[in-house]
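Numbers for residues simply follow the sequence, beginning at 1. Since the model is a prediction, treat every value here as computed from it, not as a measurement.
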Amino acid sequence: MTSTVSVSKGVFAFKRKKGVKPQANAVDYWPGDTDEERETTFNNYTKCMEIVTDITETLQKKTHAKVFTELLEFIKLAHQQTKPSPDNPNDIPTACILTGVNMPDHTAIFGSIRDMVLENVSPHIAHLKSLECSTIRGAIYKLISQLMNISYSDELMEEECGLTVKRAQCTMAVLSSWYQEQMNLNKNSSPIKSKSPHGKKTSSTKLKKRMSESPSMDDSSPRKKMKVEEGHRKPVVIIFEDVESFPSHVLQDIILICREHIRNIPFVFIFGVATTSAAVHCNLSQDASSCLAMETFQAQPSTHYLSEVIDKILMSPKVPFQLGGRTFKLLLDVFLYHDLSVRNFSRALQVCMIEHFTSSSASVLCCSASDRKHVMKTMKSAQLDSIRKLPSFRTYVERCPPKEQAALLLDEKETKGKILELLEDLECYYERFCLLVKVVNILTSTLPRSPLGRQVREVLATCLSHTLVKTDEYQEVQKMLKQLSREEITPILSSALKLLKDEAEGDEVLENFHAELKLILDQLSSLGHVSELETKTSEASPVAIQAKDRFQLKEKLMELATKNKKVNPYEEVCSQLLKLLDTIFSEHLKPPSKMPLHEVLFFDSSTVVKRQLVGMTRGALTTALANPHHYLQCECCILDEPSNIVTSLPDVSVAYKLHLECGRLINLFDWLQAFVSVIDPEAESSSRKIDKTYQARFVQALLELQFLGFVKQTRRKTDHVSRLTWGGC
């Protein structure tokens with residue numbers, strides 16, 4: 001391959017010319033026919049993403065607000081007792097937060113906790129992760145460096161804080177002296193001399209002296225010098241983000257060491273636990289567990305957080321961008337069956353936004369109503385034609401009268417007015433659609449076996465993909481609603497009426513639906529007990545039954561019983577309710593794909609998103625090895641046929657293609673000779689002596705294939721390897 005064209009290009013440094021400062025702008029990389037179109041679609045995407053980000057951050061704080069409040073109160077009161085417990089005077093107050101198994105969200109949760117502790121409780125806080133604490137020495141180093149906010153080099157501390165003390169002198173005795181200095185400064189308000197971690201200043205001379213004396217300091221000296229009252233001491237908070245992943249001996253040593261200094265430093269631990277609080281005791285010894293005064297806090301499950309995100313983002317008129325049925329179902333499946341991470345769900349939603357705004361020219365109108373009018377005025381003929389070519393708009397035009405069709409296809413002013421009208425109707429439709437989805441969830445979530453699911457997201461996924469009344473699940477719901485008693489269906493209708501009353505203001509269709517539903521509920525309330533129900537029966541009159549045989553007699557008796565069957569008033573009211581629901585749902589719970597211009601606001605290309613979110617490792621590996629040009633995009637790797645082997649291919653690709661021609665066991669020497677004959681056709685194949693450079697390249701390619709899982713060593717023959725995969729290119 002040519003130089004600096006392969007993937008290794010990023011390894012080499014290229015000197016930048018003086019005076020040339022490249023200015024990267026995201027709009028320059030944004031696809032589009034014209035600069036104006038690119039800028040418009042990019043601004044639309046930016047505004048949508050800002051709204052989504054603000055809503056997500058607000059919901060995260062709101063979802064965990066109760067837990068955060070209780071946690072802050074626990075930290076504040078942890079060391080404010082006038083006297084410690086006589087039985088356990090040195091116990092470390094510990095908050096165990098059960099966060100669930102949604103690992104990608106933990107960093108955001110503990111980041112919020114850290115910020116809230118810094119703002120409201122104490123400036124002394126450290127955040128430890130298992131990856132950074134494989135040894136007790138490294139853990140103590142991370143702990144003290146974060147608390148003192150000092151950046152270390154390999155041997156010395158940097159000059160930012162005026163300290164030149166070796167890293168090895170960073171001990172708990174030093175931390176105790178530093179904390180005493182901080183408390184004395186806070187109490188006496190001494191002059192500021194050097195910069196300290198959290199906006200405070202420390203005397204560098206005193207701190208240098210105490211740190212230099214740290215190896216010989218005994219435990220009694222800091223206690224004698226500490227004269228700060230208990231109520232004025234700021235707690236030192238240590239967050240262990242993933243307790244289950246911490247090495248048990250490291251965690252135990254940290255606990256025991258901190259316990260020895262609890263009289264001088266008011267430590268408070270925060271344990272992040274993904275499973276249960278019992279996992280902490282399973283990971284610790286009896287000595288370490290007895291040092292903790294633990295209190296458990298339960299965080300909200302990620303499914304609750306997801307429901308709030310869907311309600312405030314995907315079912316809200318604030319965000320013009322929406323998801324179609326297939327894409328929404330894909331994101332739900334990835335969330336429920338993969339990681340339970342709302343953070344990853346938001347990132348997947350961002351991927352869908354990028355795909356929508358970059359792939360569809362109609363996305364210039366995916367914005368708020370006020371911005372849409374301005375965009376429509378400045379829209380050119382080419383952009384207007386691209387909207388006319390949308391399948392949903394063409395279907396709408398075909399259903400219009402001939403005169404209106406000609407105006408929509410030829411008159412720009414008429415077309416722009418109709419497009420604005422259709423988009424306004426689409427937004428009104430989807431707002432009504434989302435409210436009716438919530439009504440359906442109220443009516444069906446408590447039914448046995450839950451045919452439509454117990455969560456709003458399940459009903460939404462069904463309604464986005466199919467017409468609700470035509471699904472088998474809805475037919476089953478109808479049968480179950482008929483079997484409910486008056487006492488069971490009354491509270492369900494009351495909840496639906498309350499929702500419609502609160503959110504249906506200004507919508508004539510939903511207001512009429514609310515009035516009819518209230519009338520039905522009043523009829524149910526007016527009905528007495530079953531024993532007092534009025535029945536309508538036909539007047540009894542003698543009936544002459546003439547039958548030739550018993551089968552004919554049976555048919556006539558059944559027909560007579562059907563005619564004289566008593567009609568239950570409750571059944572009549574239930575029939576009216578089901579008819580009303582069928583009428584409303586069949587008309588207003590149609591999938592968005594049946595609405596004109598749905599391509600402007602809705603993104604429903606699950607194939608594109610699946611290719612980016614759901615990785616297919618094996619397919620990507622085989623494609624890269626069989627056809628490197630697919631990823632490298634270099635001219636030297638272009639192949640006429642996938643099975644061809646050329647000299648310019650990477651070594652691992654050549655070795656991979658050669659191993660496809662072998663059976664279960666591969667002779668290494670034969671494989672090496674074939675490899676050399678490909679990369680150097682002029683070499684003598686009959687010679688037993690092979691260039692060491694070629695041999696080294698072959699060994700490296702072989703090890704790469706072994707690492708990727710294509711071959712492995714075998715004991716059957718010493719000079720052979722076993723092939724692990726089958727199939728061609």
Side-chain angles (χ1 to χ4, degrees), residues 48 51-52 54-56 58-59 62-63 65 300 303-325 328 349 368-370 423-447 450 452-464 467-469 474 477 481 489-522 524-525 577-578 580-592 595 598 601-602:
C48 287
I51 296 174
V52 171
D54 293 342
I55 294 176
T56 304
T58 304
L59 287 177
K62 182 180 178 181
T63 302
Q300 286 286 355
T303 52
H304 175 77
Y305 184 18
L306 177 69
S307 300
E308 293 290 332
V309 169
I310 293 175
D311 183 33
K312 301 299 182 182
I313 295 178
L314 298 180
M315 302 179 69
S316 172
K318 296 181 180 179
V319 184
F321 171 81
Q322 302 297 340
L323 293 179
F328 180 69
L349 182 61
S368 61
S370 57
L423 289 176
E424 185 178 354
D425 294 342
L426 180 62
E427 290 179 342
C428 294
Y429 147 79
Y430 189 68
E431 188 174 355
R432 185 184 305 139
F433 176 92
C434 294
L435 186 55
L436 290 177
V437 165
K438 296 178 183 178
V439 172
V440 173
N441 180 65
I442 292 175
L443 296 175
T444 60
S445 60
T446 57
L447 295 178
S450 301
L452 289 173
R454 298 188 181 277
Q455 303 293 332
V456 177
R457 60 175 181 267
E458 298 172 316
V459 183
L460 179 62
T462 302
C463 295
L464 286 174
T467 302
L468 180 65
V469 295
Y474 182 76
V477 165
L481 288 176
I489 201 171
T490 300
I492 296 176
L493 294 181
S494 300
S495 301
L497 281 172
K498 183 179 179 181
L499 176 65
L500 290 172
K501 183 180 179 181
D502 296 339
E503 302 186 16
E505 295 182 1
D507 194 320
E508 185 178 356
V509 174
L510 294 180
E511 288 179 352
N512 294 335
F513 177 49
H514 174 270
E516 296 180 8
L517 205 61
K518 189 174 185 306
L519 180 61
I520 292 176
L521 182 61
D522 293 340
L524 288 174
S525 302
L577 174 63
L578 294 178
L580 175 62
L581 296 179
D582 285 345
T583 303
I584 294 295
F585 294 159
S586 61
E587 184 177 357
H588 302 288
L589 279 184
K590 298 179 293 185
M595 300 296 294
H598 66 88
L601 305 182
F602 288 84

Enquirer: Do Leu524 and Leu577 have side-chain heavy atoms sitting under 4.5 Å apart?
Expert: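 With C-beta onward as the side chain, the pair stays apart.
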
Enquirer: Any heavy-atom pair between the side chains of Val437 and Val456 that's under 4.5 Å?
Expert: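 Sidechains of Val437 and Val456: in contact.
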
Enquirer: Which atom names give the shortest non-hydrogen contact between Arg454 and Leu447, and what distance separates them?
Expert: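 Looking at all heavy atoms of both residues, the shortest contact is NH2-O, 4.3 Å.
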
Enquirer: Determine whether Phe328 and Arg457 make a side-chain contact, defined as any pair of heavy atoms from C-beta on separated by less than 4.5 Å.
Expert: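 In short, these two side chains touch, coming nearer than 4.5 Å.
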
Enquirer: Would a 4.5 Å heavy-atom cut-off, applied to side chains only, mark Ile51 and Phe321 as touching?
Expert: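 No, their side chains stay 4.5 Å or more apart.
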
Enquirer: Applying salt bridge (charged side-chain N to carboxylate O under 4.0 Å, His left out) to Asp522 and Lys518, what does each step give before you reach the verdict?
Expert: CA-CA 6 Å; Asp522 293 340; Lys518 189 174 185 306; 3.7 Å; yes

Enquirer: Measure across Pro592 and Tyr429 and return the closest heavy-atom pair with its distance rounded to 0.1 Å.
Expert: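 For Pro592 and Tyr429, the tightest heavy-atom pair comes out as N-OH, 3.2 Å.
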
Enquirer: If you count heavy atoms of other groups shown closer than 6.0 angstrom to CD of Glu511, is the number above 12?
Expert: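 More than 12 heavy atoms, drawn from other residues, nucleotides or ligands, come within 6.0 Å of this atom.
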
Enquirer: Checking side-chain contact (heavy atoms from CB on, under 4.5 Å) for the pair Ile313/Leu349: CA distance, chi angles, key distance, verdict?
Expert: CA-CA 10 Å; Ile313 295 178; Leu349 182 61; 4.0 Å; yes

Enquirer: Is Leu580 close to Phe513 at the side-chain level, that is, under 4.5 Å between some pair of heavy atoms?
Expert: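 Sidechains of Leu580 and Phe513: in contact.
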
Enquirer: Looking at Tyr474 and Val469, what are the two nearest heavy atoms and their distance?
Expert: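 It is CD2-CA, 3.6 Å.
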
Enquirer: So which heavy atom on Ala496 is nearest to which on Val439, and how close?
Expert: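 In terms of heavy atoms, the two residues are closest at CB-CG1, 4.3 Å.
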
Enquirer: Is atom NZ of Lys312 surrounded by more than 12 heavy atoms (other residues, nucleotides or ligands) closer than 6.0 Å?
Expert: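 At most 12 heavy atoms, drawn from other residues, nucleotides or ligands, come within 6.0 Å of this atom.
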
Enquirer: Calculate, to the nearest 0.5 Å, the distance between atoms CD and CD belonging to Glu427 and Gln322 respectively.
Expert: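 One gets 9.5 Å once the value is rounded to the nearest 0.5 Å.
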
Enquirer: Minimum heavy-atom separation for Leu426 to Met595, with atom names?
Expert: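 Residues Leu426 and Met595, closest heavy atoms: CD1-CB, 3.7 Å.
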
Enquirer: Within this structure, what is the CG-CD distance for the pair Leu452 and Glu458, rounded to the nearest 0.5 Å?
Expert: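 So the CG of Leu452 and the CD of Glu458 are separated by 9.0 Å.
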
Enquirer: Any sub-3.5 Å donor-acceptor pair from Asp311's side-chain atoms to Ser307's backbone N or O?
Expert: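 Flag not set: sc Asp311 to bb Ser307 has no pair under 3.5 Å.
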
Enquirer: For a quick test of reading the model, state the closest non-hydrogen atom pair linking Leu521 to Ser494 and the distance between them.
Expert: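 So the minimum-distance heavy-atom pair works out to CD2-OG, 3.8 Å.
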
Enquirer: Got a second to check how far Cys463's SG is from Lys590's NZ, nearest 0.5 Å?
Expert: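 Rounded to the nearest 0.5 Å, the SG-NZ separation comes out at 13.5 Å.
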
Enquirer: Hey, could you give me the CG/CG distance between Leu510 and Leu517, rounded to the nearest 0.5 Å?
Expert: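 So the CG of Leu510 and the CG of Leu517 are separated by 11.5 Å.
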
Enquirer: Do Leu581 and Leu443 make a side-chain contact, defined as non-hydrogen atoms from C-beta onward lying under 4.5 Å apart?
Expert: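 Touching, per the 4.5 Å side-chain cut-off.
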
Enquirer: Does Leu468 reach the side chain of Leu436, with side-chain heavy atoms less than 4.5 Å apart?
Expert: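 Answer no - side chains too far apart.
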
Enquirer: For Ser586 and Thr467, run side-chain contact (heavy atoms from CB on, under 4.5 Å): C-alpha distance rounded to whole Å, both residues' side-chain angles, the deciding distance at 0.1 Å, then the answer.
Expert: CA-CA 7 Å; Ser586 61; Thr467 302; 5.7 Å; no

Enquirer: State the CE-NZ distance between Met315 and Lys438, to the nearest 0.5 angstrom.
Expert: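 The CE atom of Met315 sits 5.0 Å away from the NZ atom of Lys438.
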
Enquirer: Start with the C-alpha gap between Glu308 and Lys62, add the side-chain angles, then the distance that decides, and say whether salt bridge (charged side-chain N to carboxylate O under 4.0 Å, His left out) holds.
Expert: CA-CA 10 Å; Glu308 293 290 332; Lys62 182 180 178 181; 5.2 Å; no

Enquirer: Given 3.5 Å as the limit, does a donor-acceptor pair link the side chain of Thr446 with the main chain of Ile442, or not?
Expert: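 Looks like no, no N/O pair under 3.5 Å.
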
Enquirer: Let me confirm one number: the CG-CG distance from Leu59 to Asp54, rounded to the nearest 0.5 Å.
Expert: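 Here the rounded value is 11.0 Å.
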
Enquirer: Hey, are the side chains of Phe433 and Leu460 touching, using non-hydrogen atoms and a 4.5 Å cut-off?
Expert: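 Contact flag for Phe433/Leu460 side chains = yes.
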
